[in-house]
Structure formats: structure tokens, C-alpha cells
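Order of the sequence lines sets the chain letters (A, B, ...), proteins ahead of strands, with each chain counted from 1.
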Amino acid sequence: MNYWLMKSEPNAFGIDDLEKMPNQTEHWDGVRNYQARNMMRDDMKVGDQVFFYHSNCDVPGIVGLMEVVREGYPDHTAFDPQCKYFDPKSDPQNPRWIMVDIKYIKHTKRVISLAELKKCGALENMPLVRKGNRLSILPVTDQEWNTILKMEG
DNA sequence: GCCAACGTTGGC
DNA sequence: GCCAACGTTGGC
């Protein structure tokens with residue numbers, strides 16, 4: 001089983017929104033970055049565990065746990081001209097963008113803030129804590145996963 | 001709101 | 001294929 005971290009802006013779609021979805025499940029649409037797409041297409045498997053990370057907000061950090069419940073399939077929002085994620089270059093016969101379905105597991109007991117993650121020596125190799133990182137989906141190692149769960153307290 | 005870092009685009 | 005210009009991300 002693999003571990004991941006996925007970012008979302010709570011203003012747009014936060015963990016509280018995911019919790020309220022039918023079956024507490026939602027498709028993770030709108031990813032328009034090739035590296036992130038490739039991970040969803042090739043590497044994310046049903047049962048993989050995922051940290052939900054709030055970005056671009058008062059206290060950026062990890063706010064909960066989720067799991068992959070459906071593996072990569074075409075992101076239909078790329079075909080809809082009314083949608084802000086519309087991409088005219090994505091051909092329905094040969095979709096350019098991919099999404100997975102994600103299910104809510106729980107909130108962490110508290111927000112594990114980016115500031116705190118940065119202070120943890122065991123996490124210094126995580127791309128997340130590196131300056132300028134913009135990838136919205138990141139692989140997490142077993143050690144990093146366990147370290148972060150321990151930080152939750 | 002600022003701005004550094006990064007990815008993408010497109011001219012050549 | 002290079003690289004400047006541009007747009008976006010996201011912390012602060």
C-alpha cells in the first residue's frame with residue numbers, strides 16, 4: 001500500500017466538504033499538472049492512504065485522512081467549456097487529464113501545521129517542506145507517514 | 001497583497 | 001531545442 005498527500009484550498013474544497021459528500025466520497029478533479037496526473041494514472045491504488053492538506057489558508061497543514069476508492073479515470077471537467085478546469089486540448093477520445101475517487105476517513109485530532117512539519121528533522125526530505133514546492137499530489141514514505149501520525153499525538 | 005519558485009507556452 | 005515571457009501556486 002502506498003501513502004500520499006493531496007492539497008486543496010479549503011475555500012474551494014476542504015475536508016469538511018469531503019465529509020459531507022454522499023458516501024463521504026468525491027472525485028479529485030481539476031488536477032492540471034503532468035507529474036500529479038501521472039501519479040494518479042499509474043501509481044494510486046484502491047486502499048492507498050492519503051493525507052488531506054489545506055493550502056492557501058490561515059494555517060496550512062494536514063487536517064485529515066482519506067483513502068483511494070477508485071483508481072485513475074478521465075477527468076470529465078476538462079471537456080466542459082463551462083467549467084473552470086476546461087481544457088480544449090483534452091480530447092474525450094484520448095483524455096489528457098485523470099482523476100481518482102477519494103473517501104473521507106477522519107479529521108486528524110488537530111491540524112498538523114506546515115510550520116510544525118518543517119521543524120521536524122525526520123521530515124526534512126519531504127518535498128512538501130521545501131521552498132517553492134507546488135505539486136498538489138505528493139508521495140509520502142512509510143516513515144514519513146508514521147512520523148506524522150505520531151506528531152498528531 | 002507581495003513575491004519567489006516553478007511549469008507552460010510559443011517565437012525563433 | 002533554447003529561452004524569455006507569462007501564468008499559477010501558495011507561504012508569508
Exercise. Any idea which of dG10(C), dT9(B), dG11(C) is nearest the K89(A) side chain?
Worked result: dT9(B)
Exercise. Is it true that K119(A) and E124(A) make a salt bridge, defined as a side-chain N closer than 4.0 Å to a carboxylate O?
Worked result: no
Exercise. Taking atom C1' of dT9(B) as reference, at what distance in whole Å does atom CG of D87(A) sit?
Worked result: 13 Å
Exercise. Could you give the CZ-to-C1' distance, from R130(A) to dT9(C), as a whole number of Å?
Worked result: 18 Å
Exercise. Between the main-chain N or O of G153(A) and the side-chain N or O of K109(A), is there a donor-acceptor pair closer than 3.5 Å?
Worked result: yes
Problem set entry | Whole-Å distance separating the CD1 atom of I137(A) from the P atom of dG10(C) | 11 Å
For this session: Send over the distance from Y34(A) OH to dT8(B) C1', rounded to a whole Å.
Result: 9 Å
Seminar exercise, completed: In whole angstroms, the gap separating P of dG7(C) from NZ of K84(A) amounts to 17 Å
For this session: Assess whether side chain to side chain contact (heavy atoms under 4.5 Å, CB included) is satisfied between D48(A) and W4(A), documenting all intermediate values.
Result: CA-CA 8 Å; D48(A) 283 2; W4(A) 306 93; 2.9 Å; yes
Seminar exercise, completed: Looking only at dG10(C), dG7(B), dC12(C), the nucleotide nearest the Q35(A) side chain is dG7(B)
Exercise. Between dT9(C) atom C1' and N133(A) atom CG, what is the distance in whole Å?
Worked result: 10 Å
Exercise. When the ring centroid of H107(A) is compared with that of Y104(A), is the distance short of 6.0 Å?
Worked result: yes
Exercise. What is the distance from CG of N56(A) to C1' of dG11(C), rounded to the nearest Å?
Worked result: 8 Å
Exercise. Among the nucleotides dT9(B), dA5(B), dC12(C), which one has an atom lying closest to any side-chain atom of K131(A)?
Worked result: dA5(B)
For this session: Would you mind telling me which of dG11(C), dA4(B), dG7(B) lies closest to the side-chain atoms of N33(A)?
Result: dG7(B)
Exercise. Does Y85(A) put a side-chain nitrogen or oxygen below 4.0 Å from OP1 or OP2 of dT8(C)?
Worked result: no
For this session: Using whole Å, report how far CD of E116(A) lies from P of dG11(C).
Result: 15 Å
For this session: Output yes when D75(A) and R37(A) qualify as a salt bridge under the 4.0 Å nitrogen-oxygen rule, no when they do not.
Result: no
Exercise. Are any of K7(A)'s side-chain N or O atoms less than 4.0 Å away from OP1 or OP2 of dT8(C)?
Worked result: no
